Amino acid sequence: MNASATSTAAATTSPTNASVWRSQLGTYLGLLAVLAGMVALFSSLSEYFWSTETFVTIANEIPALAVMAVGMTFVLIIAGIDLSVGSVMALAAATSAAAILQWGWTVPAAAALALATGLLCGTLTGAISVAWRLPSFIVSLGMLEAVRGSAYVVTDSRTQYVGDAISWLSAPFFGGISFAFLLAVLLVVVAQLVLSRTVFGRCVVGIGTNEEAMRLAGVDPRPIRIIVFAMTGLMAGLAGLMQSARLEAADPNAGSGMELQVIAAVVIGGTSLMGGRGSVVNTAFGVLIIAVLEAGLAQVGASEPSKRIITGFVIVAAVIVDTLRQRRAAA
C-alpha cells in the first residue's frame, strides 16, 4: 500500500482539513447536546433516572452494542453494510459455550474459538462480496440466515448455561463498571486512531469517497474491503463473549434484530450510509443516545410498541438533521 499515492487520492476526494475539523466539531457538539437534553428530560420525568445506579447499568449493558458498532462504522464508511452481526454474535457465544460445556475446553481456548468464529464469518462475507462483486447487503442477508441456523445447530436450539465461567468479563471492575465496558472504551479509542491516523484508515475513507480514484492511485480496494468485514466479524465475536458473560448463558436467539440497533447507532453518530464519512467517537455517542433513550423510556413506563415508535422517529430525525447540516457545510 503506497502512502504517497493514498495521500494524493485522499487529497482529490476529501474536503480541506479546516472544513473537516469544523464539521467534526459541529457533530460532536450536536451529539453531546442531544445526549445532555435526553438525560435532562428523563431526569425530570423520573425521579430514579438521575442516579449512579442508572448510569452504571447503562454502561454495563452497552459493551456488546458498542464493539459491534465500531466494526459497522468501518463497513458503512466503505459504503457497505453487514446485516449478519447479530447472528454472528449468537454463533460466537454458542461455539464458546459448546467448547466449555461439551468439549471440555479451557475458557481461554473457548474465548479464542468465539473470536475466530466471528473473524471467519466476517471474512466470508467480505470475500464473497468482493470476489463475485455482489452487494454486501445481499451477501450479509444470506449470512444472517445461515449463521443463525448454525447457532441453533450448535446449541440444539436450547439456551446453554455457562454459569460464571466467563463472568469476570461482566463483573464490576471499578465503581461498579464492568471490565467489558472499559474494553469497549479502549476499542473505540484505538479504532478512532486507526481511522484518523493511519494509512489504512485513509484508505478506508478514500474507498468510500471515491473507489475509482483510489484504484487509479495504485491502491487495490479488494483486500481492504475484506479486512473491514473481517474486523466487523471479529467485533461481533467479542460481543458474543460479552453477552454470554453478562447473561451467563448462550442463547441461540440472542442478537435477533440487533443489527438494526448497531446500524442505527452508527447512523445517529453521523456516519454516511453512502460511504466516505464517519467517526468511531461519534458512533460511541450514537450508542449512548440509544442506550439512554431505551433506559429512560423504560423508567417512565413506556410500552414496548411505544418505545419502538419513539426510537424509530429519533433515528429518522437524527439522519434528517445530519443531512441538513452536511448540506449547509457543503454550500
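Here the structure is a predicted model, which is why all the values come from computation and not from measurement. What you see below is based on every heavy atom in this structure, not just the backbone, and it leaves out hydrogens, waters and symmetry mates.
When side chains are defined from C-beta on, T159 counts as touching Y161, because their heavy atoms get closer than 4.5 Å. Put simply, the side chain of S140 does not reach to within 4.5 Å of the side chain of L144, judged on heavy atoms. In this structure, the side chains of F42 and L293 come closer than 4.5 Å at one or more pairs of heavy atoms. With contacts defined as side-chain heavy-atom distances shorter than 4.5 Å, the pair V266/V75 does not qualify. T106 places none of its side-chain heavy atoms less than 4.5 Å from the side chain of I100. Residues R225 and S129 form no side-chain contact, since every pair of their non-hydrogen atoms from C-beta on lies 4.5 Å or further apart. In this structure, M214 and R202 have side chains that are not in contact, with every pair of non-hydrogen atoms separated by 4.5 Å or more. Side-chain contact between Q192 and R197 is absent, with no heavy-atom pair separated by less than 4.5 Å.
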For a side chain to side chain contact (heavy atoms under 4.5 Å, CB included) check, start with the C-alpha distance between D82 and F74, then their side-chain angles and the critical distance, and finish with the verdict.
CA-CA 10 Å; D82 191 345; F74 281 78; over 6 Å; no
M242 vs M89, side chain to side chain contact (heavy atoms under 4.5 Å, CB included): CA-CA, chis, key distance, verdict:
CA-CA 9 Å; M242 291 176 169; M89 182 185 80; over 6 Å; no
List the steps and the verdict of side chain to side chain contact (heavy atoms under 4.5 Å, CB included) for R277 and T271.
CA-CA 6 Å; R277 175 171 57 86; T271 297; over 6 Å; no
The test is side chain to side chain contact (heavy atoms under 4.5 Å, CB included); show your working for V162 and L101 and say whether it passes.
CA-CA 7 Å; V162 295; L101 300 176; 4.2 Å; yes
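Listed by first and then second residue, the salt bridge (charged side-chain N to carboxylate O under 4.0 Å, His left out) pairs that reach into residues 125-152 come to none, sequence neighbours excluded.
Other members of the hydrophobic cluster containing I226, listed by chain and number, are V130; membership follows side-chain contacts under 4.5 Å among ILVMFWY residues, whether direct or relayed. Under a 4.5 Å side-chain heavy-atom cut-off, the cluster of Ile, Leu, Val, Met, Phe, Trp and Tyr residues that includes Y48 has no other member. In the hydrophobic clustering, F313 connects to I309, either directly or through intervening members, whenever side-chain heavy atoms lie under 4.5 Å apart. Under the 4.5 angstrom side-chain criterion for Ile, Leu, Val, Met, Phe, Trp and Tyr, the cluster partners of L113 are W103, W105.
Scanning for side chain to side chain contact (heavy atoms under 4.5 Å, CB included) contacts around L273 gives L76, V267, with sequence neighbours left out. With sequence neighbours excluded, the residues forming a side chain to side chain contact (heavy atoms under 4.5 Å, CB included) with S244 are A93, I166, A250, listed by chain and number. Among residues two or more places apart in sequence or in another chain, the side chain to side chain donor-acceptor pair (under 3.5 Å) test is passed with Q261 by E294. Taking the side chain to side chain donor-acceptor pair (under 3.5 Å) definition, one finds that R222 meets it with D220, sequence neighbours left out. With sequence neighbours left out, the side chain to side chain donor-acceptor pair (under 3.5 Å) criterion links T232 to no other residue. Scanning for side chain to side chain donor-acceptor pair (under 3.5 Å) contacts around E304 gives K307, with sequence neighbours left out.
Panel note: side chain N60, backbone I177; no donor-acceptor pair is recorded below 3.5 Å. Counting only distance, with no hydrogens or angles, the side chain of T125 and the backbone of C121 share a donor-acceptor pair below 3.5 Å. The backbone N or O of A302 sits nowhere less than 3.5 Å from a side-chain atom of S306 that would complete a donor-acceptor pair. At distances below 3.5 Å, at least one donor-acceptor pair connects side-chain atoms of S167 with backbone N or O atoms of D164. S44 places a side-chain N or O within donor-acceptor distance of the main-chain N or O of L41, the cut-off being under 3.5 Å.
In this structure, V88 and A236 approach most closely via the heavy-atom pair CG1-CB, 3.6 Å.
The closest side-chain donor-acceptor pair between S87 and S84, if any, does not fall under 3.5 angstrom. Residues T57 and T54 have side chains that never bring a donor and an acceptor to within less than 3.5 angstrom of each other.
The structure places CZ of F49 at 7.5 Å from CE of M38, a figure rounded to the nearest 0.5 Å. Note that CG of L115 and CE of M235 are 8.0 Å apart. Values are rounded to the nearest 0.5 Å. The CG atom of L83 lies 9.0 Å from the CD1 atom of I138; values are rounded to the nearest 0.5 Å.
Linking Ile, Leu, Val, Met, Phe, Trp and Tyr whenever their side-chain heavy atoms come within less than 4.5 Å leaves L241 and V147 in two separate clusters. The hydrophobic cluster containing F200 does not contain V189, counting ILVMFWY residues as joined when their side-chain heavy atoms lie under 4.5 angstrom apart, directly or transitively. Linking ILVMFWY residues whenever their side-chain heavy atoms come closer than 4.5 Å, directly or via other members, leaves L141 and I128 in distinct clusters.
Heavy atoms from other residues, nucleotides or ligands lying under 6.0 Å from OH of Y152 number more than 12.
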Between side-chain atoms of residues 280-292 and protein atoms elsewhere (two or more places apart, or another chain), which donor-acceptor pairs fall under 3.5 Å?
residue, atom, partner, partner atom, Å
N282, ND2, G269, O, 3.4
T283, OG1, T73, OG1, 2.7
T283, OG1, S279, O, 3.1

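Ring centroids of W50 and F55 are separated by less than 6.0 Å, placing the two rings close together.
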